[in-house]
Amino acid sequence: MRRVKERMTTHLQETDIDSVQELKALKAAIDEHSIVAITDPQGRITYVNDKFCSISKYPREELLGQNHRIINSGCHPKEFFKDMWATISKGQIWRNEIKNKAKDGSFYWVHTTIVPFKNSQGEIYQYVSIRTDITERKKAEEDLAEKNKELETIVYVASHDLRSPLVNIQGFSNELVQSCKELRLKLGGDDFQSLSPEIRTLLNQDIPEAIKFILSGVSKIDTLLSGLLRFSRLGRAALRSEKLNMNEMLDTIVKSTEFQIKQNGVTVKVDNLPPCLGDNVQINQVFSNLLSNALKYLHPNRKGNITVLGQVVENRSVYEVIDNGIGVSPAHQAKIFEIFHRLNPAQTEGEGLGLTIAQRVLERQNGKIWIESIPGEGSRFFVCLPHIS
């Protein structure tokens, strides 16, 4: 094992590691406390340490000669492992979180780093995988997800049930408007000279103004409830993860907003984008919202430019939606992902749900979204999703 550690350390020094910190982290993992396995080029297990046997609950003799299907949980799509093999067969390091199944049927999570080793002819002769047990963290995440699911159910039921009395308020308010019109006609139309000034004020100003405020409040509550219902449905929506052609997706999104783009004189440029793993409908919704926001918050004193870029970083597809709009102040950058938060509610339409939904969608698909922005200069929205070749 010492020779393996020495060779691996040398290999890591010669490999394109993204940072010194990452290199140190990998080196630190190569010790007797790591979960280590070595396989041949075909994926057959040639070595496992005691820690691997302990977490998988398989004795060493049952593991040697087998491939890793012996601990396959069946929880990951085929594309997940296709991407893994596509990466390591090129001699590149692969990292991801994997859910495995132990011999007794229990499940455990490991963060896995697989490093290919090549001989002097440049041929891969073995793969060394280093695993870290993250079962407790994943369990905590699953517990939190379950609580969020319960909360979403409560929000859904409450929002749904509140719609009924809201409809009644709206309906009776409209009836009151009609009754006031009939009363005005019976009292002589707009000329109430026979009535006292107090009654004329009530009929001409006070009652119409009160009804206006009631209907305005009803409309706002209806919008908020609709937003809550949309948000609560996200957690129950079934996900269909697949390889997404992001170039085709962005081309479709840009064409669907072509009228707004031309109307505002905006230039939109989409770079060659890497594919990713995700749900087509929901990821489309994320990027549609980002493009819509860029068009919504253009700078009034210059021509709008929107650029979409993408690159692969550590088996993650990272996309940037860049604009030269009004930007977002540091005080608002964290709040824009909060439910119902809007930058300019008086000047722009919407519920303030777009970025909240985008964040929720990406969290469910092992993704992430964040912003970098300079007020008055523009914003960069970053979207990170699992990469797939």
Side-chain angles (χ1 to χ4, degrees), residues 1-31 34-49 51-52 63-72 76-100 109-132 134 243-247 271-278 309-319 366 384-389:
M1 188 62 191
R2 181 181 298 172
R3 286 199 300 272
V4 170
K5 293 178 185 178
E6 292 172 352
R7 291 179 68 90
M8 189 159 185
T9 299
T10 302
H11 180 82
L12 289 172
Q13 290 172 336
E14 296 172 350
T15 305
D16 182 20
I17 303 298
D18 294 316
S19 68
V20 174
Q21 289 181 341
E22 190 175 11
L23 176 60
K24 289 180 178 178
L26 281 171
K27 286 180 178 179
I30 310 170
D31 58 29
S34 302
I35 304 165
V36 181
I38 300 175
T39 65
D40 62 18
Q42 288 72 45
R44 291 186 294 265
I45 299 172
T46 59
Y47 172 87
V48 291
N49 68 347
K51 195 74 173 176
F52 190 103
L63 292 168
L64 297 180
Q66 299 286 337
N67 61 39
H68 279 79
R69 291 192 187 93
I70 193 172
I71 55 172
N72 189 357
H76 300 283
K78 292 180 180 179
E79 289 79 10
F80 180 87
F81 295 104
K82 284 181 180 178
D83 176 65
M84 180 194 76
W85 279 106
T87 301
I88 63 177
S89 61
K90 295 175 186 175
Q92 300 172 356
I93 294 176
W94 183 87
R95 302 175 182 85
N96 218 321
E97 296 178 350
I98 303 179
K99 187 176 185 179
N100 287 333
W109 280 90
V110 285
H111 184 279
T112 302
T113 299
I114 302 178
V115 182
F117 281 79
K118 297 180 180 179
N119 57 27
S120 56
Q121 287 76 42
E123 299 171 335
I124 296 174
Y125 68 93
Q126 69 179 15
Y127 299 106
V128 176
S129 64
I130 304 169
R131 294 169 168 84
T132 304
I134 57 171
K243 181 178 180 179
L244 302 180
N245 185 323
M246 297 304 292
N247 294 299
D271 198 9
N272 187 38
L273 305 175
C276 66
L277 186 66
L309 306 176
Q311 61 178 319
V312 179
V313 181
E314 289 189 357
N315 290 302
R316 309 284 290 177
S317 293
V318 182
Y319 308 97
N366 193 22
C384 177
L385 283 160
H387 175 66
I388 183 168
S389 301

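This is a predicted model, so every value here is computed, not measured.
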CD1 of I124 to OG of S89: how many Å apart, nearest 0.5 Å?
-> 6.5 Å
Residue list, side-chain contact (heavy atoms from CB on, under 4.5 Å) with P386, at least two apart or on another chain | L277, R316, N366
Heavy-atom donor-acceptor pair, Y319 side chain to P274 backbone, under 3.5 Å = yes
Minimum heavy-atom distance I388-P275, with the two atoms named | O-CG, 3.0 Å
Below 4.5 Å, heavy atoms only, C-beta onward: do M246 and C276 meet side chain to side chain?
-> yes
Interatomic distance, CD1@I114 vs CD1@I38, rounded to 0.5 Å, equals 12.5 Å
Quick one: pull up CD1 in I93 and CG in N315 and give me the separation to the nearest 0.5 Å.
-> 10.0 Å
State whether a side-chain donor-acceptor pair under 3.5 Å links N272 with N247.
-> yes
What is the distance from atom CG of N96 to atom NE2 of H387, rounded to the nearest 0.5 Å?
-> 11.5 Å
Is there a donor-acceptor pair closer than 3.5 Å between any side-chain N or O of T39 and the backbone N or O of R44?
-> no
When rounded to the nearest 0.5 Å, the distance separating CG of N100 from CD1 of I35 is 9.5 Å
Rounded to the nearest 0.5 Å, the CD atom of Q66 sits from the CZ atom of R69 at a distance of 10.5 Å
So, R131 versus S129: side-chain donor-acceptor pair below 3.5 Å or not?
-> yes
Show me the side-chain donor-acceptor pairs of residues 77-86 shorter than 3.5 Å, one per line, residues at least two apart or across chains.
unit_1: D83; atom_1: OD1; unit_2: S389; atom_2: N; d: 3.2
unit_1: D83; atom_1: OD1; unit_2: S389; atom_2: OG; d: 3.4
unit_1: D83; atom_1: OD2; unit_2: W94; atom_2: NE1; d: 3.4

With sequence neighbours left out, which residue pairs that include part of residues 119-129 fulfil the salt bridge (Lys or Arg N to Asp or Glu O under 4.0 Å) condition?
-> none
Side chain of H111, backbone of I134: donor and acceptor closer than 3.5 Å?
-> no
Does any N or O in the side chain of D40 come within less than 3.5 Å of the main-chain N or O of Q126, such that one atom is a donor and the other an acceptor?
-> no
F52 vs V110 side-chain heavy atoms within contact, under 4.5 Å = no
Evaluate the criterion side chain to side chain contact (heavy atoms under 4.5 Å, CB included) for residue pair W109 and T132; output intermediate values, then yes/no.
-> CA-CA 8 Å; W109 280 90; T132 304; over 6 Å; no
Start with the C-alpha gap between F117 and Y127, add the side-chain angles, then the distance that decides, and say whether side chain to side chain contact (heavy atoms under 4.5 Å, CB included) holds.
-> CA-CA 6 Å; F117 281 79; Y127 299 106; over 6 Å; no
Are the side chain of T112 and the backbone of R95 linked by a donor-acceptor contact shorter than 3.5 Å?
-> no
